[in-house]
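A quick write-up on the structure given underneath.
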Amino acid sequence: MDLFWHRRDLRVDDNLGLAAAAGHGQVAPVFVFDDDVLEHASDVRVRRLLDGLEALRAAYRERRSDLVVAHGDPAAVLPSIASALGADRVVWNRDYSGLARERDARVRRTLAEADIERDAHHDAVLHTPDSIRTNAGDPYSVYSYYWKKWRDRDVDEPAETPDGAALLDAERLSADLDGDVGEDHHVAVGELPSPGSLGFEEPDVDLLSAGTHAARERLEAFLSDDVFSYEDDRDYPAREGTSRLSAHLKYGEIGPREVYFATERALEAAADRPEADAEASVEEFQGQLAWREFYTQVLFHNPTVVTANYKSYEEPIEWRDDPEEIAAWKRGETGYPIVDAGMRQLLAEGHMHNRVRMIVASFLTKDLLVDWRHGYAHFRERLADHDTANDNGGWQWAASTGTDAQPYFRIFNPMTQGERYDPEAEYITTYVPELRGVDPDLIHEWPDLLAVQRANAAPEYPDPIVDHAERRERALAMYKRARGEDPEE
Ligand SMILES: Cc1cc2nc3c(=O)[nH]c(=O)nc-3n(C[C@H](O)[C@H](O)[C@H](O)COP(=O)(O)OP(=O)(O)OC[C@H]3O[C@@H](n4cnc5c(N)ncnc54)[C@H](O)[C@@H]3O)c2cc1C
């Protein structure tokens, strides 16, 4: 009998490790709240994780089984559960981030000491992080070349869903496991902890539904319509033209193969669509799935990027540290409407639109001249879809320190970005109520906005905390010095 250890794959369908375990005999599914992981978690992510686990538990209960829930060090808990159940093998899907790899190596050792077999599968992305390489055999650092190879590779079919009979039934799980297992390991079959019992608080955020069922509904709705105009709409936050699958993909509530083949079917359907760029739009969406895999392999081959710049400069970048400006940015009170709308969306929903993530990240690093690590830490705390590889990739892109990053001299003007991507200020006024009723043209015009405030048209809205034109010059000088260049030239 096998134990299947769920981690970032909270689903029963299209789960390669689970399917392999079920092909071997009976399976008991387990999730372990790992203190080392919880140490880096946040109120929002714990809530989102619990929602995903609730949906996973329901999927097992529908199949007359249940989810075994434990709390502790997986290297100690898993051998105890395996021996209480008489399991001779523990199966899981690989997680490619650095911390997870270290933990998995420890788990392998303790299982080996207990004479329990280990079986790890590739599942989280379509192509393993070392399978797409340059012709010289190196990992890719430029996305467009990576994408060409990614696009042309064959993809394995989705994994088969285990037959209900392959899952250990709930009664047997409870009989063998409820209560303390091994040395003080608390195991509860089907019982999920509260955030409080894990040391977290219930966050005041409006999260989307979790789980495979919700993910499929979202995917189907998106691929039946919005995907065909994705290329035109994806940069406009008020249009809601993106899939909103990111948290589902982060927690593995839907399998990457299932998503990919659904996009392939959309590609076929694109020929009959009225939209001019329907096919290109579906490909553009596949390109975002490839970005996810690109950053997964960047992190896999360069685990130090979590804390260090990917790209080295000749001299250290002289970041500023201004706690008041950082706090205003976090609260969404910078006086720059699109930046504030994005930061307030993040606080309210644990999410932010991609274009706006790029704008607020540029603002923190190139207007406030603050180290990207401050921004990354805040996103890590607040985003429901926080994913080390993607979040780090996004931040280092914006800060011009990453792989295939934004060139240092490209500095978003937050006013023109707002004007271009939210012309009617619909997104802005959704999250910045102080500006409701103000003419969008004024919202997008820096001097007029000040005039509006002075005329008391938006008395509650804060004055801009910095002058973009002045900060832009300072940013250029900061990067030039880091490049060993004369900032005056
Ligand atoms: C500073 C910054 C931080 C970010 N942090 C995260 C993060 O923690 N987690 C995260 O999943 N994405 C992150 N992104 C990428 C992107 O913003 C989100 O994936 C996207 O907004 C999620 O919305 P969606 O599912 O509707 O995306 P869609 O446009 O529908 O894209 C589909 C999927 O492709 C993937 N994807 C899309 N864009 C990117 C990208 N640029 N890089 C990597 N994968 C991508 C995601 O899995 C996404 O769900 C970040 C981007 C920036 C600029």
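Computed from heavy atoms alone, side chains included, the values below leave out hydrogens, waters and symmetry copies.
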Is there a donor in the side chain of His71 and an acceptor in the side chain of Asp34, or the other way round, less than 3.5 Å apart?
-> no
Give the minimum heavy-atom separation between Ala384 and Ala247, together with the two atoms involved.
-> O-CB, 4.2 Å
Using the six-membered ring wherever Trp is involved, compare the ring planes of [X] and [Y] and label them parallel, tilted or perpendicular (cut-offs 30° and 60°).
| X | Y | answer |
| --- | --- | --- |
| His6 | Phe4 | perpendicular |
| Tyr140 | Tyr145 | tilted |
| Tyr295 | Trp291 | tilted |

State plainly whether the residues [X] and [Y] are in salt-bridge range, i.e. N to O under 4.0 Å.
| X | Y | value |
| --- | --- | --- |
| Asp176 | Arg172 | yes |
| Glu258 | Arg216 | yes |
| Asp123 | Arg8 | no |
| Asp104 | Arg118 | no |
| Arg11 | Asp13 | no |
| Glu381 | Arg45 | no |
| Asp51 | Arg47 | yes |

Indicate yes or no: at least one non-hydrogen side-chain atom of Thr401 is less than 4.5 angstrom from one of Tyr313.
-> yes
Is the Lys NZ or Arg CZ of [X] less than 6.0 Å from the centre of [Y]'s six-membered ring, within 45° of the axis?
| X | Y | result |
| --- | --- | --- |
| Arg7 | Trp5 | yes |
| Arg344 | Tyr431 | no |
| Arg239 | Tyr236 | yes |

Under the criterion ring-ring contact (aromatic ring centres under 6.0 Å, His included), which of Tyr260, Phe222, Phe228 is the partner of Phe285?
-> Phe222
Do the two ring centres, one from [X] and one from [Y], sit under 6.0 Å apart?
| X | Y | value |
| --- | --- | --- |
| Tyr376 | His386 | yes |
| Trp395 | Phe379 | yes |
| Tyr427 | Tyr421 | no |

Among Arg292, Arg357, Arg380, which residue meets the salt bridge (Lys or Arg N to Asp or Glu O under 4.0 Å) test with Asp385?
-> Arg357
